[in-house]
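Worksheet: one structure, shown below.
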Amino acid sequence: MKLTSVILASVLMLPALSWAQETAAPEGKIQAAGLGPGDQLNVRLYDFPDLGAGVTVHVGADGSVHLPYAGTIQVQGMSPGELERAITESLRGKGIVKDPNVTVDVLSAVNMTVDILGQVQTPKSIPLYAPAPLSFVLAQAGGITGLADHHLSILHRGEELPTSVDFDTEAPNVAAMNTLVQPGDIVNVSSRGVYFVGGEVNRPGIYPIGGVLSVGQASGVSGEGLVKNITLLEALSQAGGITAIAARSKMHILRTEDGKRVDIPVDQVKLSKGEIADPILHPNDIIYIPSSYLRQQTNNLFGTAISAIYAAAEIKTATAF
């Protein structure tokens with residue numbers, strides 16, 4: 001069996017595998033992605049009957065392994081596939097076997113992992129011994145949460161620049177989800193943030209910032225069909241609009257800046273008329289709309305009057321018979 005098949009099979013069956021306990025990497029060192037000191041391998045040399053069941057070896061502190069017949073091989077930074085080819089070349093070069101049949105299984109690896117952070121159901125580190133699609137990696141962490149932004153970053157070891165991936169959290173596109181994640185990468189799913197709406201609105205609550213582009217939204221676009229920001233008017237719309245007894249000219253945005261609470265008054269009457277700019281909300285903003293005593297009393301009087309008229313009509317109808 002070729003190593004490629006072994007690697008692909010192991011990637012697809014990660015959840016079902018039982019990994020051996022990992023050995024800690026040397027303190028204070030960040031290794032390049034690939035095999036490194038402390039990793040445990042099972043190497044099968046099928047051309048030798050006494051070794052067909054496999055030889056379990058550990059990668060030494062110098063980044064090498066010693067194998068029967070093949071000798072000492074430097075494996076630091078290699079992928080399992082590269083190690084298989086190195087063993088094959090060693091056996092062939094020594095004239096021991098003309099066409100060696102070798103496979104390598106990784107039992108545990110200190111550095112061949114992917115860290116999944118941020119807005120996923122279960123942030124964790126998973127073993128990854130070969131490149132895998134982003135969709136597979138996210139699935140190992142239980143998928144993204146309801147507060148996940150439409151943007152995530154894949155951080156690579158070394159000097160390679162991070163990879164940015166934009167997608168619609170409601171319907172991630174195939175190209176984005178097929179982005180390859182390499183062993184040693186860090187996947188960080190950013191949070192879109194939330195804002196709070198309270199007081200005289202029809203649906204008070206906590207709402208996420210950003211999301212799918214809707215009709216009439218044209219600013220703040222990052223990727224097709226997506227918005228990063230939300231304005232106050234859009235937030236009020238999400239909350240079902242304000243009630244009939246709201247003090248429309250006394251709306252407040254409560255925001256924390258440099259550890260201090262800032263009160264930003266907003267006149268919703270002028271805002272709705274376009275006389276003042278529609279402010280963009282920040283994560284964790286609190287929108288509060290107090291009730292108007294005058295509007296409340298007027299509303300109560302109006303309700304009482306309607307009730308009285310209805311009651312009079314009912315009495316008139318009843319006495320007519």
Side-chain angles (χ1 to χ4, degrees), residues 1-14 16-115 125-133 136-137 140 154-160 180-186:
M1 178 184 292
K2 294 296 182 182
L3 180 61
T4 302
S5 301
V6 174
I7 296 299
L8 289 175
S10 66
V11 169
L12 293 174
M13 297 174 62
L14 276 175
L17 294 177
S18 176
W19 306 107
Q21 184 176 2
E22 296 182 0
T23 306
E27 186 176 356
K29 292 186 178 180
I30 299 178
Q31 305 173 38
L35 297 172
D39 293 353
Q40 187 177 27
L41 314 172
N42 182 266
V43 181
R44 296 188 179 186
L45 306 171
Y46 294 99
D47 300 290
F48 305 93
D50 57 326
L51 302 176
V55 179
T56 299
V57 294
H58 286 81
V59 181
D62 62 350
S64 68
V65 296
H66 184 79
L67 296 166
Y69 303 106
T72 301
I73 298 176
Q74 180 61 233
V75 303
Q76 178 79 47
M78 281 188 178
S79 69
E82 290 171 336
L83 175 55
E84 184 192 36
R85 290 189 289 274
I87 297 171
T88 299
E89 289 301 320
S90 178
L91 293 172
R92 185 182 291 124
K94 293 176 184 294
I96 300 175
V97 181
K98 183 177 180 180
D99 189 17
N101 187 6
V102 180
T103 60
V104 174
D105 290 319
V106 180
L107 301 180
S108 67
V110 172
N111 204 39
M112 297 189 72
T113 60
V114 169
D115 293 324
S125 178
I126 65 167
L128 191 69
Y129 305 142
F136 171 83
V137 173
Q140 306 313 301
I154 303 174
L155 308 177
H156 311 290
R157 293 179 183 264
E159 297 181 358
E160 186 178 352
L180 286 181
V181 178
Q182 307 288 337
D185 284 351
I186 299 173

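Here the structure is a predicted model, which is why all the values come from computation and not from measurement.
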So CG of Leu41 and CG of Leu83: to nearest 0.5 Å the spacing works out to 6.5 Å
field: Heavy-atom side-chain contact between Asp39 and Val75 under 4.5 Å
entry: no
Checklist entry - With side chains defined as the heavy atoms from C-beta onward, is the minimum distance between Val43 and Val57 less than 4.5 Å? => result yes
Sorted by chain and number, sequence neighbours left out, side chain to side chain contact (heavy atoms under 4.5 Å, CB included) with His66 holds for Thr72
Here the pair of heavy atoms bringing Lys94 nearest to Ala70 is CE-O, 3.2 Å
Between Pro80 and Met112 the two heavy atoms that sit nearest each other are CD-CE, 3.7 Å
Rounding to 0.5 Å, atoms CD1 (Ile186) and OG1 (Thr113) come to a distance of 8.5 Å
Residues passing the side chain to side chain contact (heavy atoms under 4.5 Å, CB included) test with Val97, sequence neighbours excluded, are Asp47, Phe48, Pro100
Minimal heavy-atom distance between Thr56 and Gln40, with the atoms involved, is CG2-NE2, 3.5 Å
Distance col, row Thr103:OG1 vs Asn42:CG, nearest 0.5 angstrom, shows 7.5 Å
In short, Ala86 meets Met78 closest at the heavy-atom pair CB-CE, 3.9 Å
Nearest heavy-atom contact between Ile73 and Ser90 is CD1-CB, 4.4 Å
Residues passing the side chain to side chain contact (heavy atoms under 4.5 Å, CB included) test with Glu89, sequence neighbours excluded, are Arg92
Output for pair (Gln76 CD, Asp62 CG), nearest 0.5 Å, gives 9.0 Å
To the nearest 0.5 Å, atom CD1 of Ile87 lies from atom CG of Leu67 at 5.0 Å
Quiz item: Short question: side chain of Gln140, backbone of Pro127 - any donor-acceptor pair under 3.5 Å?
Solution: no
Shortest non-hydrogen pair, Pro131 vs Pro183, comes out as N-CD, 4.1 Å
In this structure, OH of Tyr69 is separated from CG of Asp50 (nearest 0.5 Å) by 4.5 Å
The single option from Asn101, Ile96, Leu91 that satisfies side chain to side chain contact (heavy atoms under 4.5 Å, CB included) with Leu45 is Leu91
